[in-house]
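In what follows, chains are A, B, ... by sequence order, proteins preceding strands, each numbered from 1.
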Amino acid sequence: MSEREPPRNFLEQIVEGHLAQGTHGGRVVTRFPPEPNGYLHIGHAKSICLNFGIAQKYGGVCHLRFDDTNPLAEETEFVESIQDDVRWLGFEWGEHRFFASDYYERLYQLAVGLIEKGLAYVDDQTVEQIRVNRGTLTEPGTPSPWRDRTVAENLALFAGMRAGEFADGSKVLRARIDMAARNILMRDPLMYRIRHAHHHRTGDDWCIYPMYDFAHGLSDAIEDITHSICTLEFENNRELYDWFVEHADVAARPRQYEFARLNLDYTVMSKRKLRQLVEEGHVAGWDDPRMPTVAGMRRRGFTPASLRNFAEMVGVTKANTVIDIGRLEYAIRDDLNHTVSRVMAVVDPLEVVITNYPEGQTETLDCALYPHDHPMHGQPTEGSRPVPFGRTLYIDRSDFAEAAPKGWKRLAPGVEVRLRYAYFVTCHKVIKDADGHVVRLECTYDPETRGGAAPDGRKVKGTLHWVAAHGALPAELRIYDRLFSEPTPGARTGDPLDDLNPESLVVKRGFIEPSVAAHPAGTRYQFERTGYFVSDTTDSKPGALVFNRIVTLRDTWAKLQDKAADAADALPGEATEPSAAPKAQKARPAKRTKAQIRTHNRAADPALEARFQAYQAALGLDEDTADLLAGEADMADLFDAARASYAGDVAGLAKWFVNDLSGALGDRAPAELPTDGAALARVLTLVDEGTVTSRASKDLLEVLLRDGGDPDGLVAALGLEAVADTDALADAIAGVLAKHGAMVERFRGGEQKLFGFFIGQVMQATGGAADPKAVRDLLTAALKG
RNA sequence: AGGGGCGUGGGCAAGUGGUAAGCCACGGGAUUUUGGUUCCCGCUACCGUAGGUUCGAAUCCUACCGCCCCUGCCA
């Protein structure tokens, strides 16, 4: 009961609100609308999880709709890859797979309908003319000379466009909205353009193609989508979306909602930049394991669950933020740690000879597949695999130091360590080549420590992974790292390519234990002490194994060393250059503020201006208050009406209007209220008289503004009369104190700020009806105890 | 006559007038045959800034500041 439910994101709250009110007849229909012109990336993955997730959660469905309205960019190949990716992520669209191109005929008819209503016209202007005449951010556009063609002419021309009578670019169909609209998208947006091009599905059936804004919302309407979720940059398009849905002949009323797209540091996400990486050969392809594409991450070894969890973890909001890529790494580690078997592999081999191990002898050790110190999700923690051991073996070069630094727990001359699951060994001799490079280590082992434990109870500080030379499988190990070395690629120079990480892929030749030979490509492992790896699904072959590093293990030792290195670097005391060049100050026109609107209103309405003056002169209100009250006639009317039946101090009424009423009003226009000034005045009077508390008056006001009615009657009906009766309050206080004994202790222990908590509790216990001042006094006494 | 959005600890993010959730990162400690895992503890935020309303404001009002998006016959 007291279990904390995960907070719902704002979209889920909206959906729940609709469900509660039966807004869409209780239906939830979302859609994921990719354009089949490229590969999906992790940002799309978030959107997929959101759309399919909401449908799943609320018993709805999610359509997969390909937004294929531009024949020049789109290809069937991408349709396939997108479907693969969505399925791989774990979502199923069932029979709900659609294409915008399925609706071309219907859309055409809807366009004709708009023409017939005089709401669309054929424009003969050139691209350049259209652009110029659209105006700018601060200047209105100018109407096309073709804007007032007759319906009949438009109909004929549009039919001609469809029939292929005109060349590309010679004509377009435009919505006839408003060339002076403040939202540029509303300045007669294009609906259709001529493109004599082959479409991946409709072939050569069409030579006119609908534009996004026209096609998208109406496709939503055709499919009876209820919640059309897209990213923030489409916020400006919503007005147009609504316009088309409203004016075209469709019954459904889908609504668009926007959320912030996913941004990840140390990577790029735009299709353009990703394409550039591929086309210029900085990566091996769209499925290069360093790419943030779904295909790339799949090949890298990410799991669908890790991506879904990641999407859940980062949340859904409208704030434009950048996610720490460490969270993605956390998500995949957190999954694999609980699902994947352990195995030993040496990335950078250094030969070790156990000099006191009999020559020619070998043995097989039984090694656990899973750690037993945490639950493995959906898998047994039991199970083992045979691992050969012998006189010659390999350890990782990074596990040996000729001169051990402080804190070193690994192998060094004279130091004894454990070979995992095997024996304790001690290094006695370091063999080097002519250049002084270590080529081999000679160690002795303690036969008594077989399995890794010493009968005499002695401890070693370190445990190393290893692979015996006999039976070792050679393997190519692709050590992947972040594609970019800067959190915001391109921040310095403007070109992300300048920040490519030269070590995003390092290929190593190493060895792995033979047990993995039996597993299919695509199997994921934890290479103990090294990281999570997957055998590459396209390049790994029996006898020529290839593994991709998915992610490292957390590495506390490396972190300590980094810190030590940083500390050393810092010694010279050089202040780091503030390299960030001052941003070019963009000249932005100042926004028209609410204050300017009010001033503007008065300039246009002398009567309003007169009231503004009178409020100050006759009523003695300060300028700011008078400004707010006389900013629009409706508000001033309401205020004057209230004033006429209010006996108290006018300044108080004015303040109450400004601070309380306008907040409760929200977007509602004063003139549309189901109540009047007299009733409002009565509300404040009730507060003045002490009949209701100011707290309870908010509830009263809310009901009054919503339903209207008689304030006195409402007070009685809602039980809002102020409770100043000492006995009743004392009871309430005693109840609260008894219920929150621990809090009382804390308060008496010095947490003074909890006083507010107690007041709040008492206020709640009395439904907001308690007189706060009385509560304050009584509570002070009671808490002194 | 520009318009549309967004600002809560290092990074995310709950919160919608009554004790500022949680996650990641970071720091400590315990356990450990992975410097992994797991488990504890810490991270003592006055909520962009400044005024105001209120017994009480991250939440309501006002002004200001900062950041993002929009002038494709792309989506």
Legend entry - Spacing of the C1' atoms in B:G2 and B:C73 (rounded, Å): 24 Å
Inset, instruction - Determine the Euclidean distance between corresponding P atoms of B:G56 and B:G18; express it in Å to zero decimal places. - result: 15 Å
Legend entry - Under-3.5 Å donor-acceptor pair between A:N236 side chain and B:G3 base: yes
Inset, instruction - May I ask you to decide if A:N70's main-chain N or O and A:E74's side chain share a donor-acceptor pair within less than 3.5 Å? - result: yes
Legend entry - Touch class at under 4.0 angstrom, heavy-atom based, for A:Q526 against every strand present: base
Legend entry - Sugar-phosphate, base or nothing in reach of A:R598, heavy atoms under 4.0 Å: sugar-phosphate
Inset, instruction - With heavy atoms under 4.0 Å as the rule, sort A:G663 into base, sugar-phosphate or nothing. - result: sugar-phosphate
Between protein and nucleotides 51-54 of chain B, what N or O pairs are separated by less than 3.5 Å?
| from | atom 1 | to | atom 2 | distance (Å) |
| --- | --- | --- | --- | --- |
| B:G52 | N2 | A:N659 | OD1 | 3.1 |
| B:U53 | O4' | A:N659 | ND2 | 3.1 |

Inset, instruction - Output yes when at least one side-chain N/O atom of A:K563 is less than 4.0 Å from OP1 or OP2 of B:G27, else no. - result: yes
Legend entry - Selected nucleotide, minimal atom distance to A:H374 side chain, candidates B:C12, B:U37, B:G5: B:U37
Legend entry - Distance test, side-chain N/O of A:T321 to OP1/OP2 of B:A13, below 4.0 Å: yes
Inset, instruction - Please answer whether the main-chain N or O of A:H338 pairs with a side-chain N or O of A:H377 as donor and acceptor at a distance below 3.5 Å. - result: no
Inset, instruction - Identify whether any heavy atom of A:A180 sits under 4.0 Å from a base atom; if not, whether one sits that close to sugar-phosphate; answer base, sugar-phosphate or nothing. - result: nothing
Inset, instruction - Mark yes or no for whether A:R748, through its side chain, and A:L783, through its backbone, hold a donor-acceptor pair below 3.5 Å. - result: yes
Inset, instruction - Select base, sugar-phosphate, or nothing to describe what A:N337 touches, counting heavy atoms under 4.0 Å on all strands. - result: sugar-phosphate
Inset, instruction - Select base, sugar-phosphate, or nothing to describe what A:V322 touches, counting heavy atoms under 4.0 Å on all strands. - result: sugar-phosphate
Inset, instruction - Indicate, with a heavy-atom threshold strictly under 4.0 Å, whether A:Y330 touches base, sugar-phosphate, or nothing. - result: sugar-phosphate
Inset, instruction - Mind telling me if B:G51 is syn or anti? Syn here is a glycosidic angle within 90° of 0. - result: anti
Legend entry - Minimum heavy-atom distance A:L264-A:I325, with the two atoms named: CD2-CA, 4.0 Å
Inset, instruction - Assign A:V316 to base, sugar-phosphate, or nothing according to its heavy-atom contacts below 4.0 angstrom with the strands shown. - result: sugar-phosphate
Inset, instruction - Using the C1' atom on both, measure B:C12 against B:U49 and round to a whole Å. - result: 24 Å
Inset, instruction - Compute the ring centroids of A:F757 and A:F747, then answer whether they are less than 6.0 Å apart. - result: no
Do any N or O atoms of the protein come closer than 3.5 Å to N or O atoms of nucleotides 71-75 of chain B, and which pairs are they?
| from | atom 1 | to | atom 2 | distance (Å) |
| --- | --- | --- | --- | --- |
| B:C73 | OP1 | A:R134 | NH2 | 3.3 |
| B:C73 | OP2 | A:R134 | NH1 | 3.1 |
| B:C73 | OP2 | A:R134 | NH2 | 3.2 |
| B:C73 | N4 | A:Q125 | O | 3.3 |
| B:C73 | N4 | A:G169 | O | 2.8 |
| B:C74 | OP1 | A:R195 | NH2 | 3.4 |
| B:C74 | OP2 | A:R193 | NE | 3.3 |
| B:C74 | OP2 | A:R193 | NH2 | 2.9 |
| B:C74 | OP2 | A:R195 | NH1 | 3.3 |
| B:C74 | OP2 | A:R195 | NH2 | 2.1 |
| B:C74 | O3' | A:R193 | NH2 | 3.2 |
| B:C74 | O2' | A:N70 | ND2 | 3.2 |
| B:A75 | OP1 | A:T69 | OG1 | 2.7 |
| B:A75 | OP1 | A:R193 | NH1 | 3.4 |
| B:A75 | OP1 | A:R193 | NH2 | 2.9 |
| B:A75 | OP2 | A:Y212 | N | 3.1 |

Legend entry - Side-chain ion pair, A:D446 and A:R458, N-O less than 4.0 Å: yes
Inset, instruction - Give a yes or no on whether a salt bridge exists between A:R529 and A:D396, defined as a side-chain N under 4.0 angstrom from a carboxylate O. - result: no
Legend entry - Nucleotide of B:U19, B:G4, B:C26 approaching A:K559 most closely (side-chain heavy atoms): B:C26
Inset, instruction - Indicate, with a heavy-atom threshold strictly under 4.0 Å, whether A:G462 touches base, sugar-phosphate, or nothing. - result: nothing
Inset, instruction - Mind checking A:W408 for me? I need base, sugar-phosphate or nothing, with any heavy atom below 4.0 Å counting as a touch. - result: base
Inset, instruction - Quick one: label A:K459 by what it contacts on the DNA or RNA (base, sugar-phosphate, nothing), any heavy atom closer than 4.0 Å. - result: nothing
Inset, instruction - Quick one: label A:I323 by what it contacts on the DNA or RNA (base, sugar-phosphate, nothing), any heavy atom closer than 4.0 Å. - result: sugar-phosphate
Legend entry - Residue whose closest nucleotide on RNA chain B lies nearer the 5' end, A:H740 versus A:R238: A:R238
Inset, instruction - Just say parallel, tilted or perpendicular for the rings of A:H216 and A:Y241, cut-offs at 30° and 60°. - result: tilted
Inset, instruction - Fit a plane to each ring of A:F99 and A:F66, take the angle between them on a 0 to 90° scale, and name the class: parallel (under 30°), tilted (30 to 60°) or perpendicular (over 60°). - result: parallel
Inset, instruction - Please tell me which of the listed nucleotides, B:U34, B:C55, B:U38, lies nearest to the side chain of A:H338? - result: B:U38
Inset, instruction - Using a 4.0 Å heavy-atom cut-off across all strands, classify A:T317 as base, sugar-phosphate, or nothing. - result: sugar-phosphate
Legend entry - Spacing of the P atoms in B:C67 and B:C26 (rounded, Å): 30 Å
Inset, instruction - Just say parallel, tilted or perpendicular for the rings of A:F389 and A:Y445, cut-offs at 30° and 60°. - result: tilted
Legend entry - Any donor-acceptor pair under 3.5 Å from A:R187 side chain to A:A181 backbone: yes
